[in-house]
Amino acid sequence: LRGVCILIVDDDPDALELMGMFLRATGASVVEARDGYEALLQALRHPPDIVFCDLRMPRMDGHELLYQFRRDERLSTVPFVATTGLGDDLDVVHTFLAGFAGHLVKPIEPAMVDALLEKVLRPRHPGAVPHDASVPLDPESLLEGGRAAQGDFDGAIDPSRRGAAA
């Protein structure tokens with residue numbers, strides 16, 4: 001991921017360090033922040049290509065940080081991935097409806113980070129993410145149950161579609 005700048009935002013120092021170590025190993029440039037306010041200041045100095053962001057933090061949470069990015073024309077198109085302990089269906093729906101490109105539940109699996117980087121960064125930076133045949137390009141293949149899981153996701157938004165495959 002040479003040439004790619006990743007901003008990691010988390011108020012948990014251990015989570016920040018672990019994610020930073022993993023992402024640095026990919027060759028990406030990594031910028032860290034402990035809350036949304038600090039992240040916004042860092043982003044203005046070092047505009048990121050993608051943000052991995054905890055949702056619940058002091059001073060400015062992940063949703064407010066995303067809102068502030070969308071208001072700034074220099075940062076408005078930067079994709080966000082939620083990194084959170086919140087993982088029930090409604091939490092996932094809320095993050096996607098808020099504009100997040102992904103939702104990772106802690107503890108975060110490196111394979112899921114790889115898959116999201118592939119999905120989100122490849123279209124924006126075609127040469128930055130080398131394709132690994134072991135990383136599925138179809139996001140449904142990451143979900144247990146494939147199309148059935150999509151029906152469950154659709155059902156979370158519209159209960160009349162619960163269990164319906166798309």
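Along the sequence shown, residues are numbered consecutively beginning with 1. All values derive from a computational prediction rather than experimental measurement.
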_Heavy atoms from other residues, nucleotides or ligands near OH of Tyr37 exceed 12 (cutoff 6.0 Å)_ = no
Notebook entry, point to check: Quick check, are the ring centers of Phe100 and His94 under 6.0 angstrom apart?
Noted result: no
query: Under 4.5 Å between side-chain heavy atoms, hopping through other hydrophobics if needed: is there a path connecting Val9 to Leu86?
result: yes
- Task: Taking only Lys NZ, Arg NE, NH1 and NH2, and the carboxylate oxygens of Asp or Glu, determine whether Arg56 and Asp10 approach each other closer than 4.0 Å.
- Result: no
d(Cys5 SG, Leu23 CG) to nearest 0.5 Å is 11.0 Å
Separation between CG (Leu16) and CD (Glu32), nearest 0.5 Å, reads 4.0 Å
| So do the side chains of Leu55 and Thr95 get within less than 4.5 Å of each other, counting heavy atoms only? | yes
Flag, side chain of Arg70 to backbone of Leu66, donor-acceptor distance under 3.5 Å:
no
Next on the checklist: Run the side-chain contact (heavy atoms from CB on, under 4.5 Å) test on Leu1 and Leu117 for me, step by step, so that the C-alpha distance in whole Å, both residues' side-chain angles and the decisive distance to 0.1 Å come before the verdict.
Outcome noted: CA-CA 9 Å; Leu1 296 177; Leu117 288 170; 3.7 Å; yes
ask   = Under 4.0 Å between a Lys/Arg side-chain N and an Asp/Glu carboxylate O for Arg59 and Glu64?
value = no
When rounded to the nearest 0.5 Å, the distance separating NZ of Lys106 from CG of Asp14 is 10.5 Å
Test side-chain contact (heavy atoms from CB on, under 4.5 Å), reference Leu40, set Leu65, Asp72, Leu7, output is Leu65
Interatomic distance, CD@Glu38 vs CE@Met57, rounded to 0.5 Å, equals 10.0 Å
Taking every heavy atom of Met19 against every heavy atom of Thr83, the minimum-distance pair comes out as CE-CG2, 3.9 Å
Salt-bridge criterion met for Asp11 and Arg34 (N-O under 4.0 Å): no
Side chain to side chain donor-acceptor pair (under 3.5 Å) filter on Asp12, not counting sequence neighbours, yields none
Answer with yes or no whether the hydrophobic clustering places Leu116 together with Leu18; edges join I, L, V, M, F, W, Y residues whose side-chain heavy atoms lie under 4.5 Å apart. no
So CZ of Phe52 and CZ of Phe22: to nearest 0.5 Å the spacing works out to 8.5 Å
Side chains of Glu109 and Val113, heavy atoms from C-beta outward: is any pair under 4.5 Å? no
From the list Val51, Val120, Asp49, side-chain contact (heavy atoms from CB on, under 4.5 Å) with Pro79 holds only for Val120
Check: Leu104 and Met112 side chains under 4.5 Å, non-hydrogen atoms: yes
Exactly one candidate in Ile8, Ile6, Ile50 meets side-chain contact (heavy atoms from CB on, under 4.5 Å) with Val81; the answer is Ile50
In one Ile/Leu/Val/Met/Phe/Trp/Tyr side-chain cluster, 4.5 Å: Leu44, Val78: yes
request  = Ignoring hydrogens and angles, tell me if any N or O in the side chain of Ser29 forms a donor-acceptor pair with the backbone of Val4 under 3.5 Å.
outcome  = no
- Under a 4.5 Å cut-off applied to non-hydrogen side-chain atoms, are Phe69 and Pro48 in contact? yes
